[in-house]
Peer 1: 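One structure coming up, written as structure tokens, with questions to follow.
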Amino acid sequence: MDDPPLQKIAISGPTLASIIQRFSTSPSAVDGLLFGHVTHVTPLNLSDDSATTAADSPTLLATVTGFLCSSTFYDSTGAVQPVSLRRLLHLRSSLLGWFSGRRKTPLRPSMHEFSVTKSLSSFSQLSSQIENAPEPSNFNPCVFLLLASPQPDPTGHVHTHEYRAYQFRGGTESFEPKSLDIVNIGPAFRGHYGSFSPNSPFPALDCELRGSPMNEDDDERLSRIKQDSKYQKELDESAEGFDVGRLRRLIGSEAKNYTEGLEDLYEKMLVKIENLTRSVEKSSAKVLEQENHNRKLKHKILRSATPE
């Protein structure tokens, strides 16, 4: 049975950079295994027009989260060795496929890479379950990432690398090029974090530290600051009469009810900045005037001291 077609393949920027760094520092060609997960993702088509309704079609996304450099999982003919492969997969995440990096070659799969990919994708026992799928289904390790460095820079300052992602289709026994998304943090990549769940739980930490200010709640901390006359004086000078209780209402769920107070505070801050700017401008003009006066006096003294 052929694997379902992937719409795209995603990889994090640090992971891709690590693969390229391993490839660029190696004296010869490199290859290894790719790990990650396959997910049914429903794109979020957000629109402020209620009359516009866009149909959200699920996207099958393969996300690469790690890699392992090793060429010991196949023999010289391209056949995968099950014993060596299981040894490399010990305590690893789901296997997506493998990658190959070679120098000064065209960016297309070779016959040797075709044999390795076909052999690897035939191991149905290494298939991973598709997450968020409407029905339970598996995905065989058929992802192939090819890297190449076509032309070396003669100066040695610029390193040029090319890469391309493929999915091997067992039904037609061919490679299908897939778009490769470099996942970073930002609004354009919000779809990758829509249904986030941590894969590595944090260990239990003992946070009960007596005497630590982190154990105080907001009311205790604010009352302690309010009782301190030094802090209260500095707060009054900066906030123009906004006491602690009034500032507290500008933070949290109550902030939307006190927008006028926040705007008032912001306007007073702007007035302070404007007054400070004018003061600096006047003082700079006085300094320049004093420098010109000193320069004239110095010139007058030099003229009087020069003998005729």
Side-chain angles (χ1 to χ4, degrees), residues 1-6 9-12 15-38 62-129 138-153 159-180:
M1 182 177 179
D2 196 7
D3 291 313
L6 293 171
I9 300 173
I11 185 172
S12 65
T15 302
L16 180 60
S18 299
I19 296 177
I20 294 178
Q21 194 273 340
R22 185 68 61 88
F23 171 46
S24 61
T25 56
S26 176
S28 59
V30 297
D31 49 20
L33 301 173
L34 297 175
F35 303 94
H37 54 270
V38 181
T63 305
V64 179
T65 58
F67 70 98
L68 175 65
C69 281
S70 177
S71 59
T72 59
F73 62 94
Y74 60 87
D75 57 17
S76 58
T77 62
V80 175
Q81 303 295 322
V83 177
S84 301
L85 186 59
R86 291 192 184 93
R87 189 181 301 114
L88 294 174
L89 295 179
H90 181 60
L91 298 178
R92 291 275 177 175
S93 57
S94 301
L95 180 65
L96 289 183
W98 74 298
F99 70 93
S100 177
R102 38 190 166 84
R103 303 179 183 279
K104 302 179 185 180
T105 56
L107 196 65
R108 59 175 179 267
S110 64
M111 292 301 297
H112 176 73
E113 293 164 346
F114 173 85
S115 301
V116 176
T117 309
K118 180 181 178 181
S119 177
L120 184 62
S121 62
S122 64
F123 281 83
S124 58
Q125 63 271 24
L126 298 177
S127 62
S128 57
Q129 187 174 3
N138 295 330
F139 186 83
N140 293 329
C142 58
V143 174
F144 176 60
L145 178 63
L146 178 60
L147 301 97
S149 57
Q151 294 295 334
D153 181 35
H159 299 276
T160 302
H161 300 284
E162 297 180 354
Y163 50 85
R164 185 173 297 172
Y166 299 90
Q167 179 187 8
F168 183 80
R169 305 305 303 275
T172 59
E173 293 189 353
S174 61
F175 287 99
E176 286 188 1
K178 300 295 179 181
S179 60
L180 186 63

Peer 1: Is Asp75 reaching over with its side chain to a backbone N or O of Thr77, donor-acceptor style, under 3.5 angstrom?
Peer 2: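 Yes.
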Peer 1: At what distance, to the nearest 0.5 angstrom, does CG of Leu96 lie from CG of Leu145?
Peer 2: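 Here the interatomic distance stands at 11.0 Å.
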Peer 1: Is Arg164 close enough and on-axis enough to Phe144, meaning under 6.0 Å and within 45°, for cation-pi?
Peer 2: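 No, Arg164 does not sit over the ring of Phe144.
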Peer 1: For Leu126 and Asn140, what are the C-alpha separation, side-chain angles and deciding distance, and is it a side-chain contact (heavy atoms from CB on, under 4.5 Å)?
Peer 2: CA-CA 7 Å; Leu126 298 177; Asn140 293 329; over 6 Å; no
Peer 1: Is there side-chain contact between Thr65 and His37, with heavy atoms separated by less than 4.5 Å?
Peer 2: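 SC-SC contact between Thr65 and His37 confirmed.
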Peer 1: Any donor-acceptor pair under 3.5 Å linking the side chain of Gln167 with the backbone of Leu6?
Peer 2: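 Judged by distance alone, yes, a pair lies under 3.5 Å.
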Peer 1: Please check: side-chain N/O of Ser26 versus main-chain N/O of Phe23, any donor-acceptor pairing under 3.5 Å?
Peer 2: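 No, Ser26 side chain to Phe23 backbone: no donor-acceptor pair under 3.5 Å.
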Peer 1: Please determine which of Ser174, Ser121, Pro141, Ser122 meets the side-chain contact (heavy atoms from CB on, under 4.5 Å) test together with Phe168.
Peer 2: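 When side-chain contact (heavy atoms from CB on, under 4.5 Å) is applied between Phe168 and each of Ser174, Ser121, Pro141, Ser122, only Ser121 qualifies.
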Peer 1: If you compare all heavy atoms of Leu147 against all heavy atoms of Phe99, which two are closest, and at what distance to 0.1 Å?
Peer 2: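 Heavy atoms only, the tightest pair is CD1-CD1, 4.1 Å.
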Peer 1: Starting at CD of Glu162, measure out to CD1 of Ile20 and round the result to the nearest 0.5 Å.
Peer 2: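 CD1 of Ile20 is found 11.0 Å from CD of Glu162.
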Peer 1: Supply the atom-to-atom distance Phe67 CZ to Ile19 CD1, rounded to the nearest 0.5 angstrom.
Peer 2: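 Nearest 0.5 Å value for the CZ-CD1 distance: 5.0 Å.
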Peer 1: Verify the neighbour count for atom OH of Tyr163: are there more than 12 heavy atoms of other residues, nucleotides or ligands below 6.0 Å?
Peer 2: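 12 or below, so no.
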Peer 1: Could you report the tightest heavy-atom contact between Asn138 and Gln129, atom names first, then the distance?
Peer 2: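 Minimum heavy-atom contact is OD1-CA, 3.6 Å.
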Peer 1: Output the distance between atom OG (Ser149) and atom CG (Leu107), rounded to the nearest 0.5 Å.
Peer 2: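 So the OG of Ser149 and the CG of Leu107 are separated by 10.5 Å.
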Peer 1: Can you measure from CD1 (Ile11) to CG (Leu16) and round to the nearest 0.5 angstrom?
Peer 2: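 It is 5.0 Å, given to the nearest 0.5 Å.
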Peer 1: Within the structure provided, determine whether Asp31 and Tyr74 are in side-chain contact (heavy-atom separation under 4.5 Å).
Peer 2: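 Yes; the side chains approach each other to less than 4.5 Å.
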Peer 1: Leu95 and side-chain contact (heavy atoms from CB on, under 4.5 Å): which single residue from Phe139, Phe123, Phe35 fits?
Peer 2: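 That would be Phe35; it is the only one of Phe139, Phe123, Phe35 passing the side-chain contact (heavy atoms from CB on, under 4.5 Å) with Leu95.
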Peer 1: Main chain of Ser115, side chain of Ser119: is a donor-acceptor contact present, judged purely on distance under 3.5 Å?
Peer 2: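 Absent.
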Peer 1: Which pair of heavy atoms, one from Val80 and one from Leu120, lies closest together, and at what distance?
Peer 2: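 Distance-wise, the nearest heavy atoms are CG2-N, 3.7 Å.
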Peer 1: For Ser100 versus Glu113, what's the shortest heavy-atom pair and its separation?
Peer 2: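 The answer is OG-OE2, 2.8 Å.
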Peer 1: Give the C-alpha distance, both sets of side-chain angles, the deciding distance and a yes or no for side-chain contact (heavy atoms from CB on, under 4.5 Å) between Phe114 and Glu173.
Peer 2: CA-CA 9 Å; Phe114 173 85; Glu173 293 189 353; 4.3 Å; yes
Peer 1: Could you tell me whether the side chain of Leu33 reaches within less than 4.5 Å of the side chain of Leu85, counting heavy atoms only?
Peer 2: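 In short, these two side chains touch, coming nearer than 4.5 Å.
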Peer 1: Could you tell me whether the side chains of Thr15 and Ser18 share a donor-acceptor contact shorter than 3.5 Å?
Peer 2: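 Ser18 and Thr15 do not have a side-chain donor-acceptor pair below 3.5 Å.
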Peer 1: Find out whether Ser76 and His112 are in side-chain contact, i.e. whether some heavy atom of one side chain is under 4.5 Å from a heavy atom of the other.
Peer 2: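 They are not in contact (no side-chain heavy atoms under 4.5 Å apart), so the answer is no.
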Peer 1: Check Pro109 against Arg102 and note the closest heavy-atom contact, atom names and distance.
Peer 2: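 Answer, listing the atom of Pro109 first, then Arg102: CA-NH2, 3.9 Å.
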Peer 1: Between Cys69 and Arg22, what is the shortest heavy-atom contact and its length?
Peer 2: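 Closest approach of Cys69 to Arg22, heavy atoms only: SG-CG, 3.3 Å.
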Peer 1: Apply side chain to side chain donor-acceptor pair (under 3.5 Å) to Gln21 and list each qualifying residue two or more places apart in sequence or on a separate chain.
Peer 2: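 For Gln21 there are no side chain to side chain donor-acceptor pair (under 3.5 Å) partners, ignoring immediate neighbours.
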Peer 1: When rounded to the nearest 0.5 angstrom, what distance separates CG in Leu146 from OG in Ser110?
Peer 2: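 Spacing of CG (Leu146) from OG (Ser110) equals 8.0 Å.
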